[in-house]
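These numbers were taken from a predicted model, which means no experiment stands behind them.
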Amino acid sequence: MRINMRKYGFFIVLLSSIFIYSCKLNRDFALLDFQSDWSHHFAYGSPSWDSFERFPNNPVYFGREGMEWPVNGFFFSDPVSKCWYLYIGEYRLSYEIKKNASTPNFNCVVYKSSDKGKSWEKKCDLFPAGMSCYDSLHIEVPDVMVVYDQGKYHLIFDWVSGKASWQEMGVSGIGYAVADSPEGPYTVSKEPIKINTQYKNNPLLGKYWRMYAPMLVKRQNDWVALYMMDRSPTQSWALAASTALNPEGPYSEPVLLQHVEMKTNYPPLMEYFPAFTHQGYVYFPATSVAVNRNYQQIYRVKTEDLLNADKWELFSAGSAWHSTNAETEYAGIWGQTITGFVDDSDSIYVMYPSKNKQDFGTINLAKASWSELFRRKGFSLSASEGASFSYINKGINLDNLKLDFELAGTMHLVWGFHGPLDIENMWGKFSLDRLECSYNEIEITQTSWQIKHHDRGQIQSLDSGKFQLRNGINHLQIRNKNEIFSVFINDQKCGETGLATDPGFIGILLDPRSNLFSIRFDVTGKLSKENMVYGCKEALLNSGNLNSDWEFVSDSGFRYGHGAISKQSSGFAKWNFEGSGVELYLPKGPDFGSVTIYIDGIQAESINLQNEQFRNSSLVFKSKTLPKGAHAMYIESKGGRLPLDCIEVINR
């Protein structure tokens, strides 16, 4: 019998959809195989399967009075002596710059280890305070990177003149020096590689002009200097590069390689420095400076393709690093990011900066197997100054959940989540307790548990009790039978409560100063069609907008009662998302114009938002099915103000 697809095709698709989204789910989401099923987000956070182990003698360096924040650095393995070197960038507390101070505002101190990090000795301050160079400027140097080539140690550094302030960084930039030994003395070149005054009055993309955090890479026929660029006021960062035939220069004009203004997926708030090379690739770790300090990513590119941004690939989107509950890394990654090298035994050694509770910087070491950088089972999630939230990007009608975990701080196991996610400020602060959100949770502290139901700003406590978490692995189970949810902790029934079946998203929310390790996250239930919603503030930060260029409105015409409208007669915004499709919701009105929509940098559609009267936000665009993974929707308007509401991300 032959089926008439034209006649019955719709019903076959419908039945297939019903089958897929009524099928049973039984999966352990603590397995590395399901890493991509979790959200990995620059502000909300990212679970990590990394296998880094800390050195027992951490920290190897503390901040000191007057230089409280040693929060940048470069970790170098000398190929000649086989010794290790730390070039530690020192700053005053809160990066303060004191005018006419008797002690330096910035410094780089050099430490050496002859026994692979078991012990360290101070060798020198890299440069004298107030060093005179560049036509009699007096400069200070915090951040450096060293490359060994043909018997010489080539050093690139950022420098700040004695006249500088954070409001006025024109007379600062990037420099070069060379030495016969890793610890110097280094001879500074006559001319700087770059000086910020070159670009302050003619910034790249109309905004980027300050250069810092430099990196140096030797290629077959030239040298590449890479450096961060930002603006004032700071709300976006870019990674730029210049080339030269010789390490001291002269270097070409900057080319931007990574920046939020790209129409493709690229998270904001990412800061690089330093890079490392391995087997023909250059690896670029980067950290999100969002308040939870929980998102790290690593890009890589073949050395000879460095200047081709299209050849860069995301080696690890999140999941590259985890913080621990150690007092010496109280602030998570603080400063730039991890720095290190892969040795001949296939081990990666890294230095990472943090801060302790007393707000003094710490310099620490860790190692892992490069070929087994990610553990096969078990993930970590951490939250430093801000909360972290990661969710499974599938709608699930929960029947049973088994979680085996270690916890420091407070965890909220969330299920049945509905509502929009959005940031509250440019540093990625967020909260799930929004008027538009509803979800269930069990809150676990060290000594108590509590079941709560959240519904549009109202919080109902359903059951609670006292207990004591074990040192080591604990066991938590949530069991749903006929809409009665029972909770078991360490095999003891704690309580139960009646909750209506409400499929939604399942995730983990950590309070600030909390760390979780989960060796098991076993979920049983049924898949359901649920889309995660992302709000408009994230779209502004994703695209490098300044909040001052937008009017934030509270209006029932927007789906959740609030949105943003550009103050100018044009505007642009971008949502990054992980999924297989996306829907865009915008209002229409007399002040709005035509909008061009791009998906992953390719123009998808143009729509007209102009209407004689204001019309409530509605679906104005739905993408075609996309390959599951990271994508971006970029929108720009012409001939009218741009309203921003929200997107819904489809995961099928």
Side-chain angles (χ1 to χ4, degrees), residues 38-48 50 71-72 94-95 213 228 230-231 233-239 258-260 265-273 284-299 314 316-323 329-338 352-355 380-391 409 412 420-434 507-516 532 534-547 573-578 630 632:
W38 289 89
S39 63
H40 302 272
H41 190 276
F42 78 93
Y44 308 136
S46 169
S48 180
D50 75 87
V71 292
N72 288 351
S94 302
Y95 302 115
M228 295 296 301
D230 67 6
R231 61 183 292 174
T234 301
Q235 192 153 339
S236 55
W237 290 261
L239 180 65
Q258 301 291 341
H259 54 94
V260 294
N265 186 294
Y266 181 74
L269 303 186
M270 303 308 297
E271 280 199 291
Y272 300 84
F273 177 81
F284 293 90
T287 187
S288 167
V289 295
V291 289
N292 65 25
R293 300 283 168 159
N294 180 239
Y295 182 83
Q296 319 291 325
Q297 67 179 24
I298 302 176
Y299 275 94
L314 200 51
S316 178
S319 204
W321 180 258
H322 72 280
S323 295
E329 50 185 287
Y330 180 74
I333 291 285
W334 188 273
Q336 296 301 115
T337 185
I338 58 176
Y352 62 97
S354 188
K355 296 191 300 179
S380 298
L381 184 67
S382 59
S384 295
E385 292 194 9
S388 287
F389 178 59
S390 185
Y391 64 91
H412 307 258
L421 290 175
D422 206 356
I423 58 175
E424 297 176 3
N425 61 26
M426 70 157 289
W427 299 112
K429 181 182 177 183
F430 72 94
S431 173
L432 300 190
D433 291 330
R434 301 164 59 93
I508 300 171
L509 173 69
L510 292 184
D511 284 0
R513 312 300 180 192
S514 297
N515 298 83
L516 171 75
M532 184 60 82
Y534 289 97
C536 65
K537 290 184 179 179
E538 180 178 330
L540 296 177
L541 188 59
N542 281 340
S543 52
N545 274 281
L546 291 174
N547 288 346
K574 180 174 71 173
W575 282 276
N576 298 315
F577 63 94
E578 297 175 357

[X] side chain vs [Y] backbone, donor-acceptor pair below 3.5 Å:
| X | Y | answer |
| --- | --- | --- |
| Ser388 | Ser382 | yes |
| Ser354 | Trp334 | no |
| Lys574 | Ala632 | no |
| Asp50 | Ser319 | no |
| Asn292 | Ala43 | yes |
| Glu578 | Ala630 | no |
| Ser514 | Gly409 | no |
| Asn72 | Gln336 | yes |
| Trp575 | Gly535 | yes |
| Arg513 | Tyr330 | yes |

Show the nearest heavy-atom pair for residues [X] and [Y], with the distance to one decimal.
| X | Y | value |
| --- | --- | --- |
| Phe430 | Asp422 | CB-O, 3.7 Å |
| Pro512 | Ala387 | CG-N, 3.9 Å |
| Met270 | Trp237 | O-CB, 3.8 Å |
| Gly45 | Asn294 | CA-OD1, 3.1 Å |
| Met532 | Tyr391 | CG-OH, 3.4 Å |
| Leu546 | Arg231 | CD1-NH2, 3.1 Å |

From CA spacing to verdict: side chain to side chain donor-acceptor pair (under 3.5 Å), Tyr352, Glu329: CA-CA 9 Å; Tyr352 62 97; Glu329 50 185 287; 2.8 Å; yes

Residues Leu239, Tyr299; criterion side chain to side chain contact (heavy atoms under 4.5 Å, CB included); working and verdict: CA-CA 12 Å; Leu239 180 65; Tyr299 275 94; over 6 Å; no

Rounded distance (nearest 0.5 Å) linking atom CG of Asn547 with atom CE of Met426: 8.5 Å

Nearest-0.5 Å distance, OG of residue Ser380 to NE2 of residue His322: 4.5 Å

Full working for side chain to side chain donor-acceptor pair (under 3.5 Å) between His41 and Asn576: CA-CA 9 Å; His41 190 276; Asn576 298 315; over 6 Å; no

Check against side chain to side chain contact (heavy atoms under 4.5 Å, CB included), Leu421 and Leu432: CA-CA 7 Å; Leu421 290 175; Leu432 300 190; 3.6 Å; yes

Tyr266/Gln297 under side chain to side chain contact (heavy atoms under 4.5 Å, CB included): CA gap, chis, key distance, verdict: CA-CA 11 Å; Tyr266 181 74; Gln297 67 179 24; 4.2 Å; yes

Geometric class of the Tyr534/Tyr44 ring pair [parallel <30°, tilted 30-60°, perpendicular >60°]: parallel

Donor-acceptor pair between Glu271 and Thr287 side chains, under 3.5 angstrom: no

Verdict with supporting geometry, Trp38 and Ile508, side chain to side chain contact (heavy atoms under 4.5 Å, CB included): CA-CA 10 Å; Trp38 289 89; Ile508 300 171; 4.1 Å; yes

